[in-house]
Amino acid sequence: MKAIIDRKVYNTETAEYISGWSNDMSTSDFGYTEEQLFRTPKGKFFTVGKGGPASGYAKPVAGGMSGSSNNFRVLSEKEAYEWLESRQETGLIEKLFPDYIEEA
């Protein structure tokens, strides 16, 4: 998949796959959500996500209803760290963001 956002190309085929997450619902469930985190060759982070009509990826459709959708989202370094932290990806945090953490 590829998207151009703010005149920059984000391409899942040339970016490094970092991690993926799903809420483990069936893809037919309205709340289904799935996201993948990537890093471009120039070090920019982005997610590619998709979800059902009751997910954060819902989009308006005819008749005032919501439908399924997918979307790219550019993340700052801090947002990428927080994405990993919220999914308890400790090993990836230690590898990618050693300057963000310290011993308690």
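Because the structure is a prediction, the values reported are computed rather than measured.
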Value rounded to 0.5 Å, distance of CZ in Arg39 from CD1 in Ile18: 4.5 Å
Would you compute the distance between atom OG of Ser55 and atom CE of Met25 and round it to the nearest 0.5 angstrom? 10.0 Å
On a heavy-atom basis, the closest approach of Thr27 and Tyr32 is CG2-CZ, 3.6 Å
Does Glu34 offer a backbone N or O that forms a donor-acceptor pair with the side chain of Asn23 under 3.5 Å? no
Begin with the C-alpha distance, continue with both residues' side-chain angles, and end with the deciding distance and a verdict on side chain to side chain contact (heavy atoms under 4.5 Å, CB included) for Trp83 and Trp21. CA-CA 10 Å; Trp83 190 97; Trp21 172 85; 4.2 Å; yes
If only side-chain N and O atoms count, and only distance matters, is there a donor-acceptor pair under 3.5 Å linking Glu89 with Ser19? yes
Is the shortest side-chain heavy-atom distance between Ile5 and Tyr10 below 4.5 Å? yes
CE on Met1 to CD on Gln36, rounded to 0.5 Å: 9.5 Å
Determine yes or no for a side-chain-to-main-chain donor-acceptor pair under 3.5 angstrom, with Thr14 supplying the side chain and Thr12 the backbone. no
Report, one line per pair, each donor and acceptor closer than 3.5 Å where one atom sits in a side chain of residues 92-104; sequence neighbours left out.
residue: Tyr100; atom: OH; partner: Glu77; partner atom: OE1; Å: 3.1

State, to 0.1 Å, how close Pro53 and Ala58 come at their nearest heavy-atom pair, and which atoms those are. O-CB, 3.2 Å
Centroid-to-centroid, Tyr17 to Phe38, below 6.0 Å? yes
Value rounded to 0.5 Å, distance of NZ in Lys42 from NZ in Lys8: 8.5 Å
Side chain to side chain contact (heavy atoms under 4.5 Å, CB included) between Leu37 and Leu84, worked out: CA-CA 9 Å; Leu37 177 66; Leu84 291 168; 3.8 Å; yes
Strictly below 4.0 Å, N to O, side chains only: are Glu82 and Arg87 in salt-bridge contact? no
Please tell me whether Tyr81 and Leu75 are part of a single hydrophobic cluster in this structure, the criterion being side-chain heavy atoms less than 4.5 Å apart. yes
Less than 4.5 Å apart, side chain to side chain, heavy atoms only: is that true for Lys44 and Val74? no
If you define the side chain from C-beta out and look only at heavy atoms, does anything of Thr47 sit under 4.5 Å from Phe72? no
With sequence neighbours left out, what residues match Tyr57 under ring pair (Phe, Tyr, Trp, His ring centres under 6.0 Å)? none
